[in-house]
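Residue numbering restarts at 1 for every chain, and letters A, B, ... go by the order of the sequence lines. Computed from a predicted model, the values in this text were never measured in an experiment.
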There are 2 protein chains.
Amino acid sequence: MLSTRQLLILQVIIDEFIQTAQPIGSRAISKKDEITFSPATIRNEMADLEDLGFLEKTHSSSGRIPSEKGYRYYVDHLLMPIDLSPRDEQTISGVFNQGMVEFEQVIQNSVNVLSELTNYTSIILGPEVYATTLKQIQIIHLSKTTAVAILVTNTGHVEHRSFSIPKEINPLDLEKLVNILNERLVGVPIIQLPKRLQIELTSIIDHYVKDVATAFKYLKGALLDQQPNNLYVGGITNMLLQPEFSDVAKIHSLYSVIEQEETMANILRSQDQGIHISIGQENKMTEMQDCSLITATYTLKGQQIGTIALLGPKRMEYSRVISLLDRLSNDMTKTFKNW
Amino acid sequence: MLSTRQLLILQVIIDEFIQTAQPIGSRAISKKDEITFSPATIRNEMADLEDLGFLEKTHSSSGRIPSEKGYRYYVDHLLMPIDLSPRDEQTISGVFNQGMVEFEQVIQNSVNVLSELTNYTSIILGPEVYATTLKQIQIIHLSKTTAVAILVTNTGHVEHRSFSIPKEINPLDLEKLVNILNERLVGVPIIQLPKRLQIELTSIIDHYVKDVATAFKYLKGALLDQQPNNLYVGGITNMLLQPEFSDVAKIHSLYSVIEQEETMANILRSQDQGIHISIGQENKMTEMQDCSLITATYTLKGQQIGTIALLGPKRMEYSRVISLLDRLSNDMTKTFKNW
DNA sequence: ATTAGCACTCGAAAGAGTTGAGTGCTAACA
DNA sequence: TGTTAGCACTCAACTCTTTCGAGTGCTAAT
């Protein structure tokens, strides 16, 4: 459908625009080494590319900038995977070779390295609760009337929640109860915990061990209203460096979406396995429609347990960013597998 | 030193400027109910106030804006404490009446309510380590080779850290070790932990229980490199709403300071007991010299254990903000005391 | 001591002119 | 027939001027 020459021109324009954020004119294109024809020819081709919807003008006599359709075509057909630069390679290796043994540490480091290397905003959705299972429940008494319940998952994640112990609860009952819970719930996926606690155990405990029923009622409250916040964001201020966000209003609306953890988590959660790119209007959130979002997933035992993403202007360095995300999601997957 | 009339004019100008962020002219001042004299008189007084350094002009024929000296005088002499508005009152009561039992919850809620009510950025330094003591150490095995060490403080704070268990370590030794540690270290202030671990125990363990020495060597590593991050920030994007920060460069430099948790923590840590106000250049960080920082401290057992702060433009609503901080720090102190 | 009056200042907004990087179109060329 | 040189045209960005008005300081009158 597009001639080789048109593809070449489209590629040059997008590559150049990604670097400069400025409209590209025919003369500038003709100066490129790989371009052997004159500005006039280029102008004709550009006019055609514009008619086809791949390019846009900012005003009637301006150079061209890529349209969203242009980016989409570029990403789908023109992008060739590049190897990571030695520097990127080294930085990432450095992070993953330091022998991290904690989930949050891996994620936190990944968020940091991503935003530092790219100057975009990186967002990582932590391991999904349905892939992690309960390792142990512990109760630790802080005082006569307060205690903290600690929940450890197989991924090394620790959730805790303090609660007050009503007078009518016997500390021994509480201990007994925790033992029962551990017996029955260890290995259960976190996501099933509320249900399991609610239905299965309530009846069992009512039957077998009447005396801990009251204790259970209180402990359940403490265990249930966990809402694990597993969204990690890095390099938010990087957006301020992008010329497309020199407008405070834009920044503000974008930040307000990122701040809505629930919304962002849902967006990342709904991503398919592998690498996925949303350009501009392809994003559902209107506030993100000046941006591109590139996501990759990482897995544990073949099951997708989380998503890493980069948010930047539409003129992102797609090929580099894709390589980075690919490398990072693999490294994460590998790291988790080794545990 | 200043006449009543001058004080009145200074007060009107600052009050007005706090609302509008626009220079105030003599005519506008004369329209105020409490002002009974003519613009010409006001102009004379304003010229005097400017000579004394309390007011500034943005250009030679503009109205006046308060200088930093002006704000300082206002804060020191003109501010009268006001009662919280019913709405503020209600919002804060709502937060503190919900029976929170967890340290982090209290702080997180306080940060949120502060930034929501004020539209400034709120920063809270969590309870200082020297005021919190160790409640318990726990080791939970995740797999044959990995475990997570959990550290609970008397404030209900939980720190955790995964580590891998080298082959040469006997799990039983590890357990024995944890028991020993708990026996000896419970009640020790967190800040002394590294020292205690390092010096006192190393020798004791070497003496008494040779077999756990190796285990200790590894566990120590896991316990020592905790750096509790106890800085909570809310409403960072609020700064974008202030007209004095319509410039992206300013925002960026300000954000970069706030992001340096260590720096911010040190600033908050060095605050005196009670409410303290730093206006503009009074702030040490150059990036914050367009801002005012108002801090209040909260206590546990009479000892100052943390700081809450509001960061905003120099034309902050000082009286309201002070009332809010005062109320909030009291509520926090009270809440912690009740536990 | 206060104020009315007036000349003066200066930023902000609006308009005019200039520049230059870009275009589209036409006609000549290989 | 595809390519290119040439040229008129467009428009944002910049600069320069003008106008406007909200403000001032100063002086003289009350």
Side-chain angles (χ1 to χ4, degrees), chain A residues 1-10 12-17 19-67 70 243-244 246-247, chain B residues 1-10 12-17 19-67 70 243-244 246-247:
Chain A
M1 164 180 175
L2 291 184
S3 71
T4 337
R5 194 164 65 189
Q6 284 175 325
L7 291 182
L8 183 55
I9 290 174
L10 183 59
V12 167
I13 291 178
I14 297 187
D15 283 341
E16 196 67 17
F17 187 72
Q19 296 302 319
T20 64
Q22 295 296 324
I24 323 293
S26 56
R27 226 178 89 85
I29 298 176
S30 74
K31 292 264 177 64
K32 289 260 150 191
D33 286 348
E34 62 264 45
I35 300 293
T36 54
F37 23 89
S38 78
T41 312
I42 296 169
R43 279 200 291 280
N44 290 330
E45 298 288 24
M46 288 203 294
D48 290 349
L49 284 169
E50 188 179 347
D51 289 344
L52 292 169
F54 294 106
L55 294 180
E56 284 173 358
K57 289 193 261 190
T58 61
H59 60 88
S60 77
S61 73
S62 78
R64 302 302 205 292
I65 62 171
S67 69
E244 27 273 280
S246 58
D247 181 18
Chain B
M1 165 180 174
L2 291 184
S3 72
T4 337
R5 195 163 66 189
Q6 284 174 324
L7 291 181
L8 182 56
I9 290 174
L10 183 58
V12 167
I13 290 178
I14 297 186
D15 283 341
E16 196 66 18
F17 188 72
Q19 296 302 319
T20 63
Q22 297 295 325
I24 323 294
S26 57
R27 227 179 88 86
I29 297 175
S30 74
K31 293 264 176 63
K32 290 260 150 188
D33 285 350
E34 62 264 45
I35 300 294
T36 54
F37 25 89
S38 77
T41 312
I42 296 170
R43 281 201 290 281
N44 290 329
E45 297 289 22
M46 289 202 294
D48 290 348
L49 283 169
E50 188 179 348
D51 289 343
L52 292 169
F54 295 106
L55 294 179
E56 284 173 359
K57 287 194 262 190
T58 59
H59 59 89
S60 77
S61 73
S62 77
R64 301 304 205 292
I65 62 171
S67 68
E244 28 271 280
S246 58
D247 181 18

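In terms of position along DNA chain C, the nucleotide closest to B:N44 lies nearer the 5' end than the nucleotide closest to the other residue of the pair B:N44 and B:T58. Each of A:M46 and B:T36 was assigned the nucleotide of DNA chain C with the nearest heavy atom; the assignment lying further toward the 5' end belongs to B:T36.
The CD1 atom of A:I29 sits 7.0 Å away from atom CD1 of A:I35, with the distance rounded to the nearest 0.5 Å.
Within 4.0 Å (heavy atoms only), A:T41 reaches at least one base atom of the nucleic acid.
Here the C1' atom of nucleotide D:dT1 and the CZ atom of A:F37 are 17 Å apart, to the nearest Å. Rounded to whole Å, the distance from CG on A:D48 to C1' on D:dT3 is 14 Å. Distance B:E56 CD to D:dG23 C1': 17 Å, rounded to the nearest Å. Computed from coordinates, the B:R43 CZ to C:dT3 P distance equals 11 Å when rounded to whole Å. If you measure from atom CD1 of A:I42 to atom C1' of C:dG24, you get 15 Å, rounded to the nearest angstrom. Here D:dG23 presents its C1' atom at 14 Å from CG of B:L55, a figure rounded to the nearest Å. Atom CD1 of B:I13 is separated from atom P of D:dT24 by 9 Å (rounded to the nearest Å). Spacing between atom CD1 of A:I65 and atom C1' of C:dT23 amounts to 15 Å, rounded to whole angstrom units.
Contact annotation: side chain of B:R27 to base of D:dG21, donor-acceptor pair absent below 3.5 Å.
Residue B:R64 has no polar side-chain atom (N or O) positioned under 4.0 Å from OP1 or OP2 of D:dG23. For the pair B:S26 and D:dT24, the criterion of a side-chain N or O lying under 4.0 Å from OP1 or OP2 is met. Close to D:dT4, at under 4.0 Å from its OP1 or OP2, lies a side-chain N or O of A:S38. Residue A:K57 has a polar side-chain atom (N or O) positioned under 4.0 Å from OP1 or OP2 of C:dG24. Look at A:S60 and you'll find a side-chain N or O under 4.0 angstrom from OP1 or OP2 of D:dC11. Note on B:R5: every side-chain N or O is 4.0 Å or more away from OP1 and OP2 of C:dA1.
By the 4.5 Å heavy-atom criterion applied to side chains, A:R64 and A:K57 are counted as neighbours. The closest side-chain heavy-atom distance from A:I14 to A:F54 is not below 4.5 Å.
Comparing D:dG25, C:dT3, D:dA5 by their closest approach to the side chain of B:A40 singles out C:dT3. Among the nucleotides C:dG24, C:dC10, D:dG25, the one closest to the side chain of B:S61 is C:dC10.
The closest donor-acceptor contact from the side chain of A:S26 to the backbone of A:I42 lies at 3.5 Å or more, if one exists at all.
A 6.0 Å sphere centred on CZ of A:R5 holds more than 12 heavy atoms belonging to other residues, nucleotides or ligands.
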